[in-house]
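What follows is a set of notes on a single structure, which appears directly below.
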Amino acid sequence: MTDKSDKSNRKYSSLVVDGVEQAPSRAMLRAVGFKDEDFKKSQIGIASTWSMVTPCNMHIDTLADEAERGANAAGGKAIQFNTITVSDGISMGTPGMRYSLVSREVIADSIETVVGAEGLDGFVAIGGCDKNMPGCLMAMARMDRPAVFVYGGTIQPGPKRRDIVSVFEAVGACAAGKVDAEQLKEVECTAIPGPGSCGGMYTANTMASAIEAMGMSLPNSSAQDAISDQKMTDCERAGAAVVDLVNRNIKPSDIMTREAFENAITVVIALGGSTNAVLHLIAIAYEAGIPLELDDFTSIGKRVPMLSNLKPSGTYTMSELIAIGGIRPLMKRLLDAGMLHGECMTVNGKTMAENLADVADYPEGQDIIRPFENPVKKDSHLVILYGNLAPEGAVAKITGKEGISFTGTARVFGSEEEGLQAVLDGRVVAGDVVVIRYEGPKGGPGMREMLSPTAAIIGKGLGDQVAFITDGRFSGGTHGFVVGHVTPEAAVGGPIGLIEEGDEITINAETRTLDVNISDVELADRKKGWQPPAPLAKTGVLTKYAQLVNSASKGAVTGSRS
């Protein structure tokens, strides 16, 4: 066991660079800038998700430089390396979206590979889009070496609080004749003004907030604009923090406890966060060896209100929340109300309660975070449903403004493209329940997000008149009466694959049920005649993923724990 007081705790790098026999390793490292004194320092990886494929990550190279500077100034030797990212916003509604959730696994695998192969003593991981963030945390949990996550920061909104979801909804409005082509072009050209992650409480801002609540990023890292002095300082401090964690031998397993995950869920609910948080938190917990399941979201959700008036269901953007103090005043309120575990350790070596002790409340008159006595919803907006359509569970995002139950007529589609076209063509009408299936982790493969059809429904003015269920998932930008992650998925014979056009479907958030209103005998008869579809992917990463991935109700992970 390493002495936690050892200030030269090079547990892993010493195996790579110490001793006569490691002269070849040192020779290679000299070529990338190492000097004699550097071989005595803790080696700190800086895992950068920089890429020009998306505005979410286009600035992360400069953030990685700051993290490197901070680690070196604190006495470590920093080494930058990259991993991939893909853009959900760009690939949404296309076959390319099948790679989105797959990229989470690729990112986790690649960070694990570099950290393990190079003998890094600790690392900073900087993420900016919603799959690379949980991917980074999954790698941290697997490696269990001192680590800090840095969020790349949120984008500034366009005029009229526009963001990428505004463009998707304008497409639906254009199809409905409410917006002409010139107006659509104007929205398209102004919605994304620069670097940073999508600006509402969508998946990126949701996961950044969850990670801070879990204790794996520095205080306030989740609530900083992408282009700001605060974000640059956050990165420098993160580099220094990892060196301190190495010296003190504080690992992710000391921080990512069961109570830490409960803190993350609590903050996600209070903020009205994305359904993807359910999938990602279960996946991160799996990698950390922490038991976490769908029903935990229900039990915590019964006592935690939704307090946030942020997009997509609310009015405001993340930048506006940052301007009044970010998420820390909200966390202080939750802590004081007994809803957070204040004893949990965080990456700055202090407990959650210590970090929040001197946090001031929000200014008077703000309408972004509601008081407990006037919540947006008195309990969680993330509703776990069961029933004859979801015997292993499904995840609904119901804020209450859509109502709490919906019964309608099934309109059944075998892919996102088919469903979207039906919405745009006007074939989906009030009272319908849109069913898009064979889009699950195995069936997609890749569990695509359904932002295009759900945004088109909103743009058409049908948001409170049409429900939507899928074995795929939803963007954090989706709102309306929507149910995703239906399990078992259609591709493995789940009941969602047995729905027929015209069936009556009932979604009830109060009873937490999702049912097709036919008899068990009828469902069993339909199952006898069901045949699995031919796989869409026949080679490459999508095929590997489809063969390895588990159920969405278990996080859609591809690993196996012994």
Side-chain angles (χ1 to χ4, degrees), residues 56 85-89 91-92 97-105 107-108 127-138 151 154 164-165 168 197-211 213-214 222 261 264-265 267-269 271-286 292 294 296-297 301 308 310-313 318 380-384 393-399 416 439-441 444 446-452 454-455 468 470-480 482-487 489 549 551-557:
C56 307
T85 190
V86 301
S87 172
D88 291 1
S91 63
M92 195 74 69
M97 188 64 193
R98 293 192 173 97
Y99 290 90
S100 171
L101 189 58
V102 176
S103 76
R104 185 189 74 179
E105 309 300 302
I107 291 160
C129 198
D130 52 359
K131 303 311 171 300
N132 53 58
M133 300 167 73
C136 290
L137 267 291
M138 290 164 72
Y151 177 39
T154 190
I164 188 61
V165 177
F168 280 99
S197 298
C198 298
M201 191 47 62
Y202 311 147
T203 305
N205 282 318
T206 297
M207 289 309 301
S209 301
I211 292 165
M214 197 187 301
S222 68
F261 279 96
I265 293 170
V267 169
V268 166
I269 291 169
L271 286 169
S274 166
T275 54
N276 278 317
V278 178
L279 194 75
H280 295 327
L281 289 173
I282 290 175
I284 297 165
Y286 170 88
L292 194 70
L294 288 176
D296 292 316
F297 289 81
S308 160
L310 291 166
K311 287 188 167 191
S313 58
M318 190 66 180
S380 180
H381 65 298
L382 298 175
V383 183
I384 308 303
V395 182
K397 184 179 185 181
I398 299 173
T399 63
E416 179 186 4
E439 291 284 7
M447 204 178 179
R448 289 193 287 180
E449 293 180 345
M450 302 288 127
L451 179 58
S452 292
T454 57
F468 192 110
T470 181
D471 52 7
R473 58 197 176 90
F474 295 112
S475 161
T478 293
H479 57 117
V482 297
V483 183
H485 309 200
V486 175
T487 55
E489 62 175 287
V549 71
S551 168
S553 65
K554 297 181 179 178
V557 296

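In this text the structure is predicted, and so the values were computed from the model without any measurement. The analysis underlying the following values was restricted to heavy atoms, covering all of them including side chains, and did not include hydrogens, waters or symmetry mates. All residue numbers in this chain count up from 1 along the given sequence.
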State whether the side chain of [X] and the backbone N or O of [Y] hold a donor-acceptor pair below 3.5 Å, judged by distance alone.
| X | Y | result |
| --- | --- | --- |
| N205 | C198 | yes |
| T487 | G393 | yes |
| T206 | S274 | yes |

Indicate the atoms forming the closest heavy-atom contact of [X] with [Y], along with that distance.
| X | Y | answer |
| --- | --- | --- |
| G446 | L101 | O-CB, 3.4 Å |
| C136 | I107 | N-CG2, 4.2 Å |
| G89 | F168 | O-CZ, 3.8 Å |
| V86 | C129 | O-SG, 4.0 Å |
| S222 | A208 | CB-O, 3.3 Å |
| G273 | L382 | O-CD2, 3.8 Å |

Less than 4.5 Å apart, side chain to side chain, heavy atoms only: is that true for [X] and [Y]?
| X | Y | result |
| --- | --- | --- |
| L137 | R104 | no |
| T275 | H485 | yes |
| L451 | I164 | no |
| T203 | D88 | no |
| N276 | M207 | no |
| K397 | F474 | no |
| M138 | I284 | yes |
| V549 | V557 | no |

Measure the [atom1]-[atom2] distance between [X] and [Y] for me, rounded to the nearest 0.5 Å.
| X | Y | atom1 | atom2 | value |
| --- | --- | --- | --- | --- |
| M201 | S308 | CE | OG | 5.5 Å |
| S103 | D130 | OG | CG | 8.5 Å |
| S475 | R448 | OG | CZ | 14.0 Å |
| K554 | I282 | NZ | CD1 | 11.0 Å |
| S380 | I269 | OG | CD1 | 3.5 Å |
| C56 | N132 | SG | CG | 8.0 Å |

Check the pair T470 / V483 against side chain to side chain contact (heavy atoms under 4.5 Å, CB included), numbers first and verdict last.
-> CA-CA 6 Å; T470 181; V483 183; over 6 Å; no
Excluding sequence neighbours, so at least two apart, what forms ring-ring contact (aromatic ring centres under 6.0 Å, His included) with F297?
->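 Result, ring-ring contact (aromatic ring centres under 6.0 Å, His included) vs F297: none returned.
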Step by step, would you call V165 with Y202 a side chain to side chain contact (heavy atoms under 4.5 Å, CB included)?
-> CA-CA 10 Å; V165 177; Y202 311 147; 3.6 Å; yes
Only one of E449, M447, E416 passes side-chain contact (heavy atoms from CB on, under 4.5 Å) with E439; say which it is.
->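 Of E449, M447, E416, side-chain contact (heavy atoms from CB on, under 4.5 Å) with E439 is met by E416 alone.
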